[in-house]
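Take a look at the structure set out below.
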Amino acid sequence: MNHVALEDQHIALGGKMVPFAGFNMPVQYSSIIEEHLHVRNTVGIFDVSHMGEFIVTGSDAEKWLNRMTLNDVSTLTVGQVQYSAMLYDSGGVVDDLLVYRFNDHYLVVVNASNIDKDFEWLSSHLGGDVAIRNISENTTLLAIQGPRAAELVRNIADVPTDGVEYYHFIEGHVKGIPVIFSRTGYTGEDGFEIYIDRAHSLTLWNAVWEAGKPLDLKPIGLGARDSLRLEVCYCLYGNDIDQTTTPHEAGIGWITKMKKAGGFTGYDVVLKAKENPTRKLMGFILTEKGIARQHADVLLDGQKIGEVTSGGFSPILNKAIGLAFINKPFDVLGTEIALDVRGRQVKALISQTPFYQRSK
Amino acid sequence: MNIPSALRYSNSHEWIRVEGNEGSVGITDYAQGELGDIVFLDLPDVGAKVTAGEPFGSVEAVKAASDLFAPVSGTVSAVNSSLGQQPEQINQDAFGKGWIIKINLSSTDELGNLLDATSYGKLIEQSHGDHH
């Protein structure tokens, strides 16, 4: 079992610790619903140090990353972040990830459950003047998310973070320690993710809490992280995307740059799947009591037409929601479907996504 | 951990408070804590027959779902309808406002198969050790 640097702090705050992706992580501190709403309405802090970070260097880094990932790395400016993914030759997803462009290198941030797999995949496909280094074990990542996040981060930063746009970052310091302030997150709220050397985790943690107390900062566990991302329909690797899904059917066609120079790994399969789709990831809202969870069958007139990839309870809608792969041609908004919830058929509607959007 | 001494407990974390021939049934404070936020319940109708050790309904929490098991056999004499709108009463007051059903007992003999507060306390100490 791996341990984040701030494990004792989470336990001291009443965090209920569970194994997740090989790490001992807080799933909740008080209540998932309370924590969820606190992020929507106020501000919360998440320890997501289980995530993986790779540094990519070399004069061919841009060209190589562009081939290894779906999005167009050549369009990135220094200080910009890009949501992307990488594929197997089969067109299935290895992982979804973030690419950060620095002056002289790139930072690639991957899912905790895929760190080893991703690092091996990338290492075995090196070409030209490129080097890759895994700094996951030495990196602490804290996410500050919610309407008051910008104010909190402004109060601990020695650089002007207010001007940092969404999916951009700025390098600076907290209490003299170098950090990266990244205006990104997995909640659908405004906020920052802050990267720091693991050795200085406690310095950052204490500074955040000092600035956060007057703003009613609360710790948020992985349970609410999942319900927050589901309301805004951000894909979760292992649920909505995996080695068997292609990008367009999973709704990440927007990061799949079919026309970029040089193409990308898996291009041919993706092109075929795009032109001849067999299913689509759709949202649903239950109209009867129950929660449909991952792998639940989706039924139409008793016939299986799909499978739930993510399901849960939306504290904002006060209803059960989810995402499911729906076979063509049944992927029609407004269709009444039934979901098999532990042997019971529960009615739902195929619905618009996302389920929640913050007011700007 | 809150374990009222006047109640009887099942291995599956239900409690029963018996008055005369009727028993109020709910899930324990430990059980609601393990489940987390409860958002839906699937409950029987008044008049339904229940059997000791068999499911009589289910509870759906944000994290997971769980069956509810009847601690004794009998007939459902009341259902806590306020849980339909406010299932969180189970999280807030598992032994009080969070009662789930009342059962007219077929026989008070079955109560002898249930745990007293001390034994139940030991049970959750052990199962908690199995966790993390």
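Model, not experiment: these values are computed from the prediction. Within every chain, numbering begins at 1; the chains are lettered A, B, ... in the order of the sequence lines, protein sequences first and strands thereafter.
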Checklist entry - Is there a side-chain contact between A/R293 and B/K63, using heavy atoms and a 4.5 Å cut-off? => result no
Next on the checklist: With a 6.0 Å cut-off (strictly less than), is the heavy-atom count around NZ of A/K117, excluding the residue itself, greater than 12?
Outcome noted: yes
Item to check | Option in A/G290, A/G223, A/S30 with maximal non-hydrogen atom pairs under 4.5 Å from chain B | outcome: A/G290
Item to check | A/K289 (side chain) donor-acceptor with B/G84 (main chain) under 3.5 angstrom | outcome: no
Checklist outcome for this item: For B/V39 and A/I33 the tightest heavy-atom approach is CG1-CD1, 3.7 Å
Item to check | Straight-line distance of A/S31 OG to B/I38 CD1, nearest 0.5 Å | outcome: 11.0 Å
Checklist entry - Does any non-hydrogen side-chain atom of A/I291 lie less than 4.5 Å from one of B/V62? => result no
Checklist outcome for this item: Bottom line for B/D67: the part with an atom under 4.5 Å from chain A's heavy atoms is both
Checklist outcome for this item: Pair count under 4.5 Å, heavy atoms only, with chain A: among B/G36, B/G33, B/A64, highest is B/A64
Checklist entry - For chain B, which residues of residues 336-347 of chain A have at least one non-hydrogen atom nearer than 4.5 Å to it? => result A/V341, A/R342, A/R344
